[in-house]
Amino acid sequence: MNNLKKREIYLLFSHSILTIQIIVYLLTNLLQLQQLSDKHSHEIKKRSGFIMEEGLCPSSVFSSGSVDKSRIIEVKPLRSLAPLIPKSAQGSASGFSPFLPIGEPRETQAPPVPNAAPIRSFKNPTVEDETLNRAANGHIPSPPQHIPSAPHHIPNPTPLRSYKSPLVDEETPYGANSDTSSSVDGGLNGHGNSHDQKRAALQSQSRKSSQKKIRKIQEQSDNDGGRESVNSVLMTFDSIRRRLCQLEDANQLDTQNAIKRADLRANNAMTFKGIRTNSRKRVGVAPGVEIGDIFFFRIELCLVGLHGQSMSGIDYVNIKCEDKDLPVALSIVSSGVYDDDAEDNDILIYSGQGEHFNKKDKHIVDQKLQRGNLALDRSSQQHNEIRVIRGLRDVGNKSVKIYVYDGLYKIQDSWTEKGQSGGGIFKYKFVRLPGQPSAFANWKMVQKWKAGLLSRSGLILADLSTGVESIPVSLINDVDNEKGPAFFTYLCSLRHSKPYGLMQPSHGCSCSKACTPGCPNCSCIQRNGGDFPYIANGILVSRKQMIYECGPMCQCLPNCKNRVSQSGLKLHMEVFRTKDRGWGLRSLDPIRAGTFICEYAGEVIDRANVSQNGNEEGIDEYVFDTSRIFEPFKWNYEPNILEEVSSKCSSEDYDIPSPLIISARNVGNVARFMNHSCAPNVFWQPVLYEENNQSFLHIAFFALRHISPLTELTYDYGIARSGHAEGSSTPKGRNKCLCGSSKCRGSFC
DNA sequence: GAAGTCTCAAGTTT
DNA sequence: CAAACTTGAGACTT
């Protein structure tokens, strides 16, 4: 208390104009504080006994033997004692709607413009535009909110069990869960029956009111974002990131005074341009993010508004409710730092945050009921929906961490335990809301299939490629009685009858080892405009008019990284029976945007032979024709976003001197099973390399975005020029399109 | 008291 | 594995 007084006195003197009234007022407060903290330290001592019984670490802040941190918390400057000061009549004039989460700029209360961020992002913004954009997107720093509340100055470093019942009345009228609290301290507090009833009625009323506010936030926030925005933001992010990696690989990136990590640097560029979606914090669904969506960086979760914290596992907001702050948890990431139990698919036992070993003081630090932990606790009483993202490592590629959005959960139970390092931790039982499509459960299932622990139902053939591919391609039908596709010969590349068109034959590069990015002497890299087309893990950086790979004619070693499309399948593919579109193709592995999927294998034919090659009606449904009309789309990074690095950006219009027509009717690979979609997740790219002193063109397929396991792979078939009716503004195909996307053209051919 | 700056907790990625 | 890194909340300052 001495410290406090000294601080008080110091403060008093440091402020030159103080009325006697204020002094009297402060002294009154001081007295109140004294009483309050005495009462509270008594509370803490009482509780610490309880905690010791529960077996928490003796070095815990609750322990009677260690430094009494409650004293430290008492030593707070006056301004943090606000709740003790009677509220003014204008007390609620904080500038925010009581229904809005704290930290949201006021202008965002206006009806949100759908797709606002991504569309704006693709023009070349002027300075004025940018200011507007940033303001509209909420990137002007939010007005800070200093709404002191009881839970913050009354220390709350207490485990769940100990605080719940006794403190509910004093601290949080919202949280009183009569079902659970009554059994704990039923008759101990000595209140009369009528008092209890009144109190219960008040608490129930209060709880309803706060739940109403949470619902209101939910309703208010549900009409922005959207699938297209989410896809656009993620694609923009990854295209920038890939480009940065490419420059870094070639040592062309200035990392002297800049961040080295490409994900963070890409995020900075995005933030600077105001490109993100769902930037308003919300309870429940994040519009446009679908259950089962996968992410490869924590930053990606932030960019689409799924989880606002770049590191922390718990995201929450403080909702102003009856002049108090009610922290409400919005989303969690279960990433395995703590020993979360993720055995059951619909139940997640999640550990709170904050337990660690303090290396300096050499003691274990318990988790405290504050920040995220407090929010989870309040949410367990409010029963609000919480988004759950499960972090996992794929069995095939343990070095990559993947985050899977697993939908909405509610907290059903909470308790305290001893953590791995021996500190006290909070545990929360998350239960998945019923009726949601499975996501994490699918992963579990697929991993069991891969490990051979679970037999596949509907497995017709273990390897459709009959050993041609290095990874088996399974044939699955769990839909109908069809026993398999019509006969064809599996071939993993292209059967050329003649060399490709007008290209000048070259003899490949003369690198002695594997070609490396930034190598000035490699003729293949020079043909690619000086850029290595792929980054280290074989991911395509950007679409190009043409990609020149090293081939059999090159002097470089076969493990050269510029031969991505020649190495056959790298993913565990599956030909499967779709419900309404015949056979389709999907992968059991998660796929990153830009990953090579497969080549379009088959026989190169002349246009004259197309109908000859077809069925009775002269139609060859397995034709790939580069001269079709393809819907243009943007996949590469925006050069203006990366202007500080490079303005170079290649055209995405393919430059194919003479059309290439491939038929996979008689011979082909998995690509022949890929169906059409007007909103595809795969695109094709022309690739050229030399064999036998001659150039040959190939068609390589790459992932357009991240694709989760078991998702059907589709690309845009384009429209045959012959199918484009004369005088008709909208080309019509002969097949009804069943892709079901909002951009569906209705037909394809 | 509003509006700003500073600090810290949170863990990810290479 | 340790260094480098971001975001947002809350503390603190003007």
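Residue numbering restarts at 1 for every chain, and letters A, B, ... go by the order of the sequence lines.
Counting non-hydrogen atoms under 4.0 angstrom, A/D315 reaches nothing in the nucleic acid. Here A/G372 lies out of heavy-atom contact (under 4.0 Å) with every strand.
In the model, A/R378 has no side-chain atom that pairs as donor or acceptor with a side-chain atom of A/Q381 under 3.5 Å.
A donor-acceptor contact under 3.5 Å links the side chain of A/R261 to the base of B/dT12. With hydrogens and angles left out, the side chain of A/S310 and the base of C/dT6 share a donor-acceptor pair within 3.5 Å.
A sub-4.0 Å separation between OP1 or OP2 of C/dT7 and a side-chain N or O of A/N267 is present. Note on A/N318: every side-chain N or O is 4.0 Å or more away from OP1 and OP2 of C/dG8. Neither OP1 nor OP2 of B/dA10 sits under 4.0 Å from any side-chain N or O of A/Y316.
The listed nucleotides are C/dT7, C/dT6, C/dA9; the one nearest the side chain of A/T271 is C/dT7. Checked against C/dT7, B/dA10, C/dG10, the side chain of A/Q353 finds its nearest nucleotide in B/dA10. Side-chain atoms of A/I259 lie closest to C/dC5 of the nucleotides C/dC5, B/dT12, C/dA9.
Separating the NZ atom of A/K368 from the P atom of B/dC8 is a distance of 14 Å, rounded to the nearest angstrom. With rounding to whole Å, A/D366 atom CG is found 15 Å from B/dA9 atom P. Rounded to whole angstrom, the span from the NZ atom of A/K281 across to the P atom of C/dT7 amounts to 12 Å. Separating the NE2 atom of A/H307 from the C1' atom of B/dA10 is a distance of 9 Å, rounded to the nearest angstrom. If you measure from atom CG of A/N268 to atom P of B/dT12, you get 19 Å, rounded to the nearest angstrom. Computed from coordinates, the A/F297 CZ to C/dC5 C1' distance equals 13 Å when rounded to whole Å. Remark: C1' of B/dT12 and CZ of A/F295 are 16 Å apart, rounded to the nearest angstrom. A/I299 has its CD1 atom 6 Å from the C1' atom of C/dT6, to the nearest Å.
Between A/V541 and A/F532, every side-chain heavy-atom pair lies at or beyond the 4.5 Å cut-off.
Using bins of under 30°, 30° to 60° and over 60° for the plane-to-plane angle, the ring pair A/F430/A/Y428 lands in the perpendicular bin.
Qualifying side chain to side chain contact (heavy atoms under 4.5 Å, CB included) partners for A/N231, counting only residues two or more places apart in sequence or in other chains: A/R227, A/R705. A search for side chain to side chain contact (heavy atoms under 4.5 Å, CB included) contacts involving A/A593 returns A/D238, A/R242, A/H706, not counting sequence neighbours.
Two residues, A/R371 and A/R393, neighbour DNA chain B, and the one matched to the more 5' nucleotide by heavy-atom proximity is A/R371. Nearest-nucleotide positions on DNA chain B for A/Y403 and A/Q309 put A/Q309 closer to the 5' end.
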